[in-house]
Amino acid sequence: MSTEPLPRIIGLTGGIASGKSTVSNMFRDLGVLVIDADVVARDVVRPGSEALVDIQNEFGPEVIHESGELDREALGKIIFSNPAARAKLNGFTHPRIAMEMLRHATEAGKSGHTFVIYDAALIVENGLHHALGGLIVVAASPESQLERMLRRDGLAVEDAQKRIDAQLPLSKKIEVADWVIHNDGTLDQTSSQVEAVFRELRENT
Ligand code: ADP
């Protein structure tokens, strides 16, 4: 058994194209261990995983590619308009994602990290912030979000706007944030805010 305490786990979230990945990389550059929820979520359904076996048993072989990988598109179609199926899937994956995230955090603790960052889009939507040691929200105005989506994703204005409108409003995330990083200015201005949060965390954990 390890005797190192679990590092403080700080959530990092934002709205679509508000700059979460940009901020996440800035923390990485400062030497912070960032656990990427998307990577963990892919990892728990890798071929041979318990979650993938559960998924196959529940949804059938049609959600598995010949290669043994999960067919996300086929699964997406099944759960798209079926909340019960979606809940089943989340039951297979969410607890395992949480365990895997804690495993990464424990490993980080062993190598001396006193805090880590958990980078995930849906922290507030899933109520996870209540279980974390703090929450950073990357905020940008809807105009910045739209402009960056058009530039990054090459979407039509209406489609980009629909994606922004489909999300929990950023204001709801800001309400429960411990730190807000305002990312409407230059990257240097954002970087200064990241450094301030970093220093505070380093000095207080
Ligand atoms: P998210 O991870 O929140 O979806 P990204 O970090 O990928 O957002 O940022 C969205 C896009 O906007 C990217 O192309 C990124 O390079 C750009 N971007 C982010 N922050 C800024 C900024 N302060 N100034 C200019 N461009 C930015």
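Every number for a ligand or one of its atoms is a count from 1 in the order of the listing. We count residues from 1, following the sequence as given. Remember, predicted model here, so these are calculated numbers, not experimental data.
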- Note on the structure: side-chain hydrogen bond (donor to acceptor under 3.5 Å, both in side chains) pairs touching residues 138-162, sequence neighbours excluded, are Ser141-Glu143, Ser141-Ser144, Ser141-Asp184, Ser144-Asp184, Glu147-Arg151, Gln161-Asp165
- Query: What heavy-atom pair brings Arg163 and Met149 nearest, and what distance separates the two atoms?
  - Reply: CB-CE, 3.8 Å
Contact table, ligand 1 N/O with protein N/O, distance under 3.5 Å:
unit_1: ligand 1; atom_1: 2 (O); unit_2: Ser21; atom_2: N; d: 2.8
unit_1: ligand 1; atom_1: 2 (O); unit_2: Ser21; atom_2: OG; d: 2.6
unit_1: ligand 1; atom_1: 3 (O); unit_2: Ser18; atom_2: N; d: 3.2
unit_1: ligand 1; atom_1: 3 (O); unit_2: Gly19; atom_2: N; d: 2.8
unit_1: ligand 1; atom_1: 3 (O); unit_2: Lys20; atom_2: N; d: 2.7
unit_1: ligand 1; atom_1: 4 (O); unit_2: Ala17; atom_2: N; d: 3.0
unit_1: ligand 1; atom_1: 4 (O); unit_2: Arg152; atom_2: NH1; d: 3.0
unit_1: ligand 1; atom_1: 6 (O); unit_2: Ser21; atom_2: N; d: 3.4
unit_1: ligand 1; atom_1: 6 (O); unit_2: Thr22; atom_2: N; d: 2.9
unit_1: ligand 1; atom_1: 6 (O); unit_2: Thr22; atom_2: OG1; d: 2.6
unit_1: ligand 1; atom_1: 7 (O); unit_2: Arg152; atom_2: NH1; d: 2.8
unit_1: ligand 1; atom_1: 8 (O); unit_2: Gly19; atom_2: N; d: 3.2
unit_1: ligand 1; atom_1: 20 (N); unit_2: Asn183; atom_2: ND2; d: 3.0
unit_1: ligand 1; atom_1: 23 (N); unit_2: Asn183; atom_2: OD1; d: 2.7
unit_1: ligand 1; atom_1: 23 (N); unit_2: Gly185; atom_2: O; d: 3.0

- Hey, quick one: are Val116 and Phe198 part of the same hydrophobic cluster, counting side-chain heavy atoms closer than 4.5 Å, chains of contacts allowed? no
- Query: Can you list every side-chain hydrogen bond (donor to acceptor under 3.5 Å, both in side chains) pair that touches residues 61-79, not counting sequence neighbours?
  - Reply: none
- Query: Which residue, Leu89, Thr93, Val53, Asp54, forms the side chain to side chain contact (heavy atoms under 4.5 Å, CB included) with Val45?
  - Reply: Thr93
- Note on the structure: side-chain hydrogen bond (donor to acceptor under 3.5 Å, both in side chains) pairs touching residues 28-43, sequence neighbours excluded, are Asn25-Arg28
